[in-house]
Amino acid sequence: MTTTESGIPVAAAPVKSAVRTVLLLEHFAARPGLHSLADIQNDLSLPKSSLYMLLRTLVNLGWVETDATGTRYGIGVRALLVGSSYIDGDEVVAVARPTLDRLSDDTTETIHLARMDGTSVVYLATRQSQHYLRPFTRVGRRLPVHSTALGKALLATHTDEEVRRLLPRRLEAVTEHTVTDRELLIEELALVREQGYAVDREENTLGLRCFGVAVPYRTPARDAVSCSVPVARLTAGHEQVIKAALFEARDRLSVVTRRM
């Protein structure tokens, strides 16, 4: 096998321009809006001349857009088309639609289907609450795995050692209620495994409580379903309805995703 001077197989050696393109697009995806060349360079630590040429190339291809002055840059419409094609072609999203619709009707609250991606969960589908007071959600949104019911339900399908390898010892505090100690989170995951569901107690959004269950069509699980409800509207009776509906949804999804 041909290798580079450092001994790395040619097939495994990264293509610098491709890596920089992905880094740039992910940078824009995580920071909505338009950004100056100087700010982008400062964040990514790329050579200014190379970064400028890369930006201009991506602008010409439609992956990056600029303002009227041509000096500020942001994500382009082509990225939306690719992201939409991922959702449209995903088998789990397709078979989950009737279950998500029924879960929305049963709870009248906001419903999410999300997938674990590293130390984050990414929303694949949502159903908006039927109430005026509702949380803000969107497909493609990325949230920390440790601060969400979705993420904790998925982490609980991993062993404690796997969780320790995945997460840093100190976790980001999204709100004042976020669990930021990894060992305390691991203790909570034991309870999640026992009761079969996870709870986000205003750990990601103040005033919002979420309940989540993993979809066990593979081990460890990669997808989860959750129900979000404002604390002001949550009663003991409503909480029991939500948990029962989530368990039922999990069981239905387990059946329809069995061969995936």
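The two residues Thr178 and Glu203 make their nearest non-hydrogen contact at OG1-O, 2.5 Å. Closest approach of Gly212 and Ala153 over heavy atoms only: O-CB, 3.8 Å. The shortest heavy-atom contact between Val121 and Ala114 is CB-CB, 4.3 Å. Nearest heavy-atom pair, Val174 versus Asn204, reported as atom, atom and distance to 0.1 Å: CG1-O, 3.5 Å. Contact between Thr66 and Arg56 at its shortest, heavy atoms only, is CG2-NH1, 3.9 Å. Residues Arg201 and Glu188 come closest through the heavy atom pair NH1-OE2, 3.8 Å.
Contact check for Lys48 versus Leu37: side-chain heavy atoms found under the 4.5 Å cut-off. In this structure, the side chains of Thr175 and Thr205 stay at 4.5 Å or more apart for every pair of heavy atoms. Side-chain contact between Val225 and Leu103: present, with at least one pair of heavy atoms (C-beta onward) separated by less than 4.5 Å. No side-chain heavy atom of Asp200 sits less than 4.5 Å from a side-chain heavy atom of Leu208.
The distance from the CD atom of Glu183 to the CD atom of Glu187 is 7.5 Å, given to the nearest 0.5 Å. With values rounded to the nearest 0.5 angstrom, Arg102 atom CZ is found 8.0 Å from Thr99 atom OG1. Distance check: Leu51 CG to Leu44 CG gives 7.0 Å after rounding to the nearest 0.5 Å. Annotation: the span from Leu253 atom CG to Asp223 atom CG amounts to 9.0 Å, rounded to 0.5 Å. Rounded to the nearest 0.5 angstrom, Arg20 CZ and Leu55 CG are separated by 12.0 Å. The CG atom of Leu246 lies 8.5 Å from the CZ atom of Phe211; values are rounded to the nearest 0.5 Å.
A single hydrophobic cluster is seen to contain both Met53 and Leu58, as judged by linkage of ILVMFWY side chains at heavy-atom distances under 4.5 Å, directly or through other members. Hydrophobic clustering of Ile, Leu, Val, Met, Phe, Trp and Tyr side chains at less than 4.5 Å, counting indirect connections, unites Leu113 with Phe247. Linking ILVMFWY residues whenever their side-chain heavy atoms come closer than 4.5 Å, directly or via other members, leaves Leu166 and Val122 in distinct clusters. Under a hydrophobic-cluster definition in which Ile, Leu, Val, Met, Phe, Trp and Tyr are linked whenever side-chain heavy atoms come within less than 4.5 Å, directly or via other members, Val59 and Val77 are assigned to different clusters. Using a 4.5 Å cut-off between side-chain heavy atoms of Ile, Leu, Val, Met, Phe, Trp and Tyr, with links allowed through other members, Tyr197 and Val231 fall into different hydrophobic clusters.
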Evaluation steps, side-chain contact (heavy atoms from CB on, under 4.5 Å), between Leu25 and Ile75 | CA-CA 7 Å; Leu25 293 175; Ile75 198 74; 3.9 Å; yes
Check the pair Met116 / His158 against side-chain contact (heavy atoms from CB on, under 4.5 Å), numbers first and verdict last.
-> CA-CA 12 Å; Met116 189 169 174; His158 292 255; 4.1 Å; yes
Would you sort out whether Ser36 and Asp39 count as a side chain to side chain donor-acceptor pair (under 3.5 Å), showing the intermediate values?
-> CA-CA 5 Å; Ser36 68; Asp39 288 340; 3.2 Å; yes
So Tyr123 and Leu143, side-chain contact (heavy atoms from CB on, under 4.5 Å) or not? Walk me through it.
-> CA-CA 9 Å; Tyr123 287 20; Leu143 295 175; 3.2 Å; yes
When you look at Glu176 and Leu206, which way does the side-chain contact (heavy atoms from CB on, under 4.5 Å) test go after all the steps?
-> CA-CA 8 Å; Glu176 61 191 74; Leu206 292 176; 4.3 Å; yes
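Checking side-chain atoms of His112 against main-chain N and O of Leu150 turns up no donor-acceptor pair under 3.5 Å. In terms of modelled atom types and a separation under 3.5 Å, the side chain of Thr180 and the main chain of Leu171 share no donor-acceptor contact. With Asp67 contributing its side chain and Thr71 its backbone, the two residues share a donor-acceptor pair below 3.5 Å. A distance-only check finds a donor-acceptor pair linking the side chain of Ser129 to the backbone of Thr108 [under 3.5 Å]. Put simply, the side chain of Lys152 gets close to the backbone of Val199: a donor and an acceptor are under 3.5 Å apart. In this structure a side-chain-to-backbone donor-acceptor pair under 3.5 Å is present from Thr148 to Gly151. Side-chain atoms of Thr21 come within 3.5 Å of backbone atoms of Ser17 as a donor-acceptor pair (strictly under, hydrogens ignored). Proximity of a side-chain donor or acceptor of Ser50 to a complementary backbone N or O of Pro47 within less than 3.5 Å is not detected.
In summary, Arg209 and Glu202 do not engage in a salt bridge, as defined by a charged side-chain N under 4.0 Å from a carboxylate O. Between Asp90 and Arg115, at least one side-chain nitrogen of the basic residue sits less than 4.0 Å from a carboxylate oxygen of the acidic one, meeting the salt-bridge criterion. Ion pairing of Arg182 with Asp160 is absent here, as no side-chain N (NZ or NE/NH1/NH2) approaches a carboxylate O to less than 4.0 Å. A salt bridge does not link Arg127 to Glu109: none of the charged side-chain nitrogens sits closer than 4.0 Å to a carboxylate oxygen.
Atom CD of Glu194 has 12 or fewer neighbouring heavy atoms from other residues, nucleotides or ligands inside a 6.0 Å radius. The neighbour count for Glu162 CD, taken as heavy atoms of other residues, nucleotides or ligands under 6.0 Å away, is above 12. For Tyr217, the OH atom counts as densely surrounded, since its 6.0 Å shell holds more than 12 non-hydrogen atoms of other residues, nucleotides or ligands. Remark: Arg169 CZ is loosely packed, at most 12 non-hydrogen atoms of other residues, nucleotides or ligands lying under 6.0 Å away.
A distance of 6.0 Å or more separates the ring centres of Tyr73 and His35.
When each of Leu54, Asp43, Leu46, Val19 is paired with Leu24, the side-chain contact (heavy atoms from CB on, under 4.5 Å) condition holds for Leu54 and for no other.
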